[in-house]
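All chains are named by letter (A, B, ...) in the order of the sequence lines, taking the proteins before the strands, and each is independently numbered beginning at 1.
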Amino acid sequence: MEYRIPKRYTITAALPYANGPLHIGHLAGAYLPSDIYVRYLRLQRRDVVFICGSDEHGAAITLRAKKEGITPQEIIEKYHTLNSRAFADFGISFDIFHRTSAPLHYDTAQAFFLQLEENGAFEIEESEQFYDEQFGQFLADRYVTGMCPKCGAAGAYGDQCEKCGSSLNPTDLIDPISTLSGTTPVKRKTQHWYLPMHNHQAWVEEWITSGRFKDIASPVVPHDASAWKQHVRGQCLSWIRDGLKSRAMTRDLDWGVPVPLPNSDGKVLYVWLDAPIGYISATRQWAKDHNKDWSLYWQDPNTRLIHFIGKDNIVFHCIIFPILLKAHGGFILPDNVPANEFLNLEGDKISTSRNHAVWLHEYLEDLPCRKDELRYVLTSISPENADSEFTWKDYQTRINSELVAILGNFVNRVWVLYHKYYNGLIQGSGDQISFHDVDLKDMVEKTYDSISQHIEQFRFRQALFEVMDLARLGNRFLTEKEPWKKQSIAPVESAHALTDCLLLTAHLGRLLQPFMPDTSKRIFGMLSDEISQLFWDEPIILKPGSQINNPILLFEKMEDDQITKQIEKLQQANQVKAEPISSTMAPLKSEVVYDDFARMDIRVGTIKEAVRVPKADKLLQITIDTGLDVRTVVSGIAEHYKPEEIIGKQVVLLVNLASRKLRGIESQGMILMAKDLQGKLYFISPEQMIDPGSDVS
RNA sequence: UGCGGGGUGGAGAAGUUGGUAUCUCGUCGGGCUCAUAACCCGAAGGCCGUUGGUUCGAGUCCAACCCCCGCUACCA
């Protein structure tokens, strides 16, 4: 297949959702890879725009605002500011960091929607949706929870079951509950605009598998489908094979971009329609600010569109958004979506709610000026094709034995020697120095090719590794040439070797630019006052006779106490975990009549035996004397009570609950427990020992 | 129980399209002394989870199985 070289690039990084701060997982997942890629493209003098912004709509923000008792506006202001500063601090070089609350975005999104409507892309459907009578509003997505119809898990949201990953409609849920009032919602009729994705199934599948279209009229750069990461394609295809379904593109909410049609009061665009259009509106804003034509970046088939995201966003970027773009018409489709997998932290999943994370805004406070070090480590362990793990110990090792010992040390050795023997005056003749050692020159040239290839194929980890390899080569070269020994016997040879090292350092500086921009600048600064950036193809001009600057240490060793501090911090954070969440008291349940209550047979029982259920974290198998009989109850309290310490205790249990098998064990009844705001469980027991079987009412 | 990820020298990891098994840390020995006790060389250490298959050739492809991890089931 012929692949056309693109004229320009539109690079997007996932819009961070403006209801929380960013952590290293975000950086490693989408922002660092995209930044490396973009910096590389710029150094190749390619025409590129790098787009991002805050995603500021959706039910999760309104829910959070409600919980914290502030307005959605206050939430998004806070996190937009915090996150844009974090990006700037880590050198993520967006051309624009926009936001979906901007007026231009409203215009863009509404116009996009109207065009879709005009093209007949939607099906308007009147449907029954859940409605909370107490709050007088429809319950979109996350406003409803219930049991997942696919996997049976409790606590699934209206739009998605986080347990099994299925995407859902709120009305699919079994035993739905409104998260606003805690009551069971009623169904009411409402009208929504649906995207009949099944109509697009054929071409999407074709496009994902082959990169081609059979039927498309507009010219499109055919992308190389085999260049897509395996896990990305795999997830898309499994979604497609499952059958694409119609999906509502509007919601009954008061927070978002209003549907720009008559009779649509109280309706806004679905956040997943809204957000990707944010890429487009951000581009428009950027174009406006820089006197460019935004449409070239989204509509010209010679433009290459690439979305950098985490794996949680794959289907939206690979299926839903492309469908929207094609249904709208005139837009190009993504050429690649190099989604990363997840980054774990110290043996556990990164979790915002459990505060198990390294927050970007705290990192630089704790470890000032260690920005490039984090960029280096996160790129080295980038979860490009599989989940990977960040540990502070590994972070320390990589800094000390790679950045300090290999790269920093090499540069320092060269500078010290160069000053010692030549007072920092560049040796040689002619206009500029060039390599004397043919093998070294060869290796450097090969490395350029190889790094380019890796970056173009989104293998940043490997690319960075090869830069470091060049520094290793430098150390070896220096040791072999031993100028400190040969300086007196073979001064010319020594000068050649050291000057080669100087030049090698300049190449290292250039190659490091995409990965560690500050380090690169410092290397250039040591070489010459005139170099602040080097394009990939630019000759490196170091004039014989000119003076190099004094050495500075590029990296400093990471001491144990700094690392220990971070590890402790994480452990402390884990201990106070979940407090903010569980401190919300369970909402009042709906009223019951006395008869409902009277039907429950609740009695006191004495625990006779208790053992852990094998292969279950939470379950205890408990034998209880209920007075009537001795029965087995399986209870999910193993994280709170040890089996031996509860034997002999009296508990209150519901004895006429229908029995149910749990992990193969018949559980006959349910022990009543109290749960405090931290989520800890406590038995409900009579004040003193009484007869088993005593009735509770 | 379902889904996902993974099993490569002591530890942690690379390994792109199948063709001499690589890096970092650690261990041992040597060298060097320009260098942030850093650098360089060498060595020991691997049935690349198991079994079978495809192939001239498999860590790499196919099949089955075993094991580990995460979420889930594991309901208060």
In whole angstrom, give me the gap between the P atoms of rC23(B) and rU55(B).
34 Å
Provide the distance between the two P atoms, one in rU8(B) and one in rA64(B), to the nearest whole Å.
22 Å
Reckon Tyr421(A) touches a base, only the sugar-phosphate, or nothing at all at heavy-atom distances under 4.0 Å?
nothing
So which nucleotide from rU24(B), rA38(B), rC34(B) ends up closest to the side chain of Lys557(A)?
rA38(B)
Could you identify the nucleotide paired to rC3(B), looking across every strand shown and requiring Watson-Crick or G-U wobble geometry with both distances under 3.5 Å?
rG70(B)
Has the side chain of Gln427(A) got a donor or acceptor atom that lies under 3.5 Å from a matching backbone atom of Tyr422(A)?
no
Can a donor-acceptor pair be found, under 3.5 Å and without considering hydrogens, that links the side chain of Asp500(A) to the backbone of Leu440(A)?
no
Using a cut-off of 4.0 Å on non-hydrogen atoms, how would the nucleic acid contact of Gln457(A) be classed: base, sugar-phosphate, or nothing?
nothing
Distance in angstrom units between Gln621(A) CD and rC74(B) C1', rounded:
14 Å
If the P atom of rC48(B) is compared with that of rG29(B), how far apart are they to the nearest Å?
30 Å
Take atom CG of Asn344(A) and atom P of rG6(B), then tell me their distance rounded to the nearest Å.
12 Å
Salt bridge or not for Asp449(A) and Lys446(A), using N-O below 4.0 Å?
no
Separation of Asn400(A) atom CG from rA38(B) atom P, in whole Å?
9 Å
For Ile381(A) and Glu389(A), work out which heavy atoms get closest and say how close.
CD1-O, 3.5 Å
Could you check whether Val404(A) gets within reach of a base, just the sugar-phosphate, or nothing at all, counting any heavy atom under 4.0 Å?
base
What residue among Ile523(A), Asp372(A), Asp518(A) forms side-chain contact (heavy atoms from CB on, under 4.5 Å) with Leu512(A)?
Ile523(A)
Are the side chain of Asn412(A) and the backbone N or O of Pro551(A) linked by a donor-acceptor pair below 3.5 Å?
no
Does Ser401(A) make a side-chain N or O approach to OP1 or OP2 of rU24(B) shorter than 4.0 Å?
no
Which of rC25(B), rU33(B), rA35(B) is nearest the side chain of Val416(A)? It is rA35(B)
Once you round it to whole Å, what is the distance between P of rA38(B) and CZ of Phe410(A)?
19 Å
Partner nucleotide of rU16(B) by Watson-Crick or wobble geometry (both distances under 3.5 Å):
none
His454(A) side chain: which of rA35(B), rU16(B), rC41(B) is closest?
rU16(B)
Which part of the nucleic acid, if any, lies within contact of Asn475(A), taking any heavy atom under 4.0 Å across all strands shown: a base, the sugar-phosphate backbone alone, or nothing?
sugar-phosphate
Given atom CZ of Arg476(A) and atom P of rA38(B), what is their separation to the nearest angstrom?
19 Å
Can you figure out which of rC34(B), rC23(B), rA35(B) approaches the side chain of Trp484(A) most closely?
rC34(B)
Output yes when Lys481(A) and Asp437(A) qualify as a salt bridge under the 4.0 Å nitrogen-oxygen rule, no when they do not.
yes
What integer number of Å spans the C1' atoms of rC41(B) and rU36(B)?
22 Å
Students often get this wrong, so: under 4.0 angstrom with heavy atoms, is Met468(A) touching a base, only sugar-phosphate, or nothing?
nothing
Side-chain atoms of Asn409(A) come closest, of rA35(B), rU24(B), rA76(B), to rA35(B)
Mind telling me whether Phe458(A) and Tyr37(A) have parallel, tilted or perpendicular rings, with 30° and 60° as the class edges?
tilted
From rC40(B), rU24(B), rC34(B), pick the nucleotide closest to the side chain of Thr479(A)?
rC40(B)
Using the P atoms only, state how far rG45(B) lies from rU22(B), rounded to an integer number of Å.
15 Å
How close or far is atom P of rU33(B) from atom CD of Glu480(A), stated in whole angstroms?
15 Å
rG49(B) versus rA44(B) - spacing of their P atoms, nearest Å:
23 Å
The nucleotide from rC40(B), rU24(B), rU36(B) with an atom nearest the side chain of Glu402(A) is rU24(B)
Does a side-chain N or O of Arg413(A) approach OP1 or OP2 of rA38(B) to a distance below 4.0 Å, or not?
no
Take the protein atom NZ of Lys486(A) and the nucleotide atom P of rC34(B), then report the distance between them rounded to whole Å.
15 Å
Contact class for Val634(A) vs. all strands (heavy atom < 4.0 Å): base, sugar-phosphate, or nothing?
sugar-phosphate
Quick one: look up who rG42(B) pairs with, Watson-Crick or G-U, both distances under 3.5 Å, and put none if it's unpaired.
rC28(B)
rC34(B), rU24(B), rA35(B): which one has an atom nearest the side-chain heavy atoms of Asn412(A)?
rA35(B)
Between rC34(B) and rU17(B), how far apart are the P atoms? Round to whole Å, please.
47 Å
Base, sugar-phosphate alone, or nothing: which one does Ile552(A) contact when heavy atoms must sit under 4.0 Å apart?
nothing
For the P atoms, the ones on rG7(B) and on rU16(B), what distance do you get once it is rounded to whole angstrom?
12 Å
Scan Ile406(A) against the nucleic acid and name what it touches under 4.0 Å (heavy atoms): base, sugar-phosphate only, or nothing.
nothing
In the strands shown, is rA21(B) matched to any nucleotide by a Watson-Crick or G-U wobble pair with both distances under 3.5 Å, and which?
none
Is Lys393(A) touching bases, backbone alone, or none of the nucleic acid, heavy atoms closer than 4.0 Å?
nothing
On a heavy-atom basis, the closest approach of Glu480(A) and Lys486(A) is O-NZ, 4.4 Å
Minimum-distance nucleotide (side-chain atoms of Leu478(A) versus rU16(B), rC34(B), rC41(B))
rC34(B)
Phe460(A) atom CZ is separated from rA13(B) atom C1', nearest whole Å, by 20 Å
Where each residue is assigned the nucleotide of RNA chain B containing its nearest heavy atom, which of Leu553(A) and Phe465(A) is assigned the position nearer the 5′ end?
Phe465(A)
Using Watson-Crick geometry (N1-N3 plus N6-O4 or O6-N4) or G-U wobble (N1-O2, O6-N3), each under 3.5 Å, rA63(B) is paired with rU51(B)
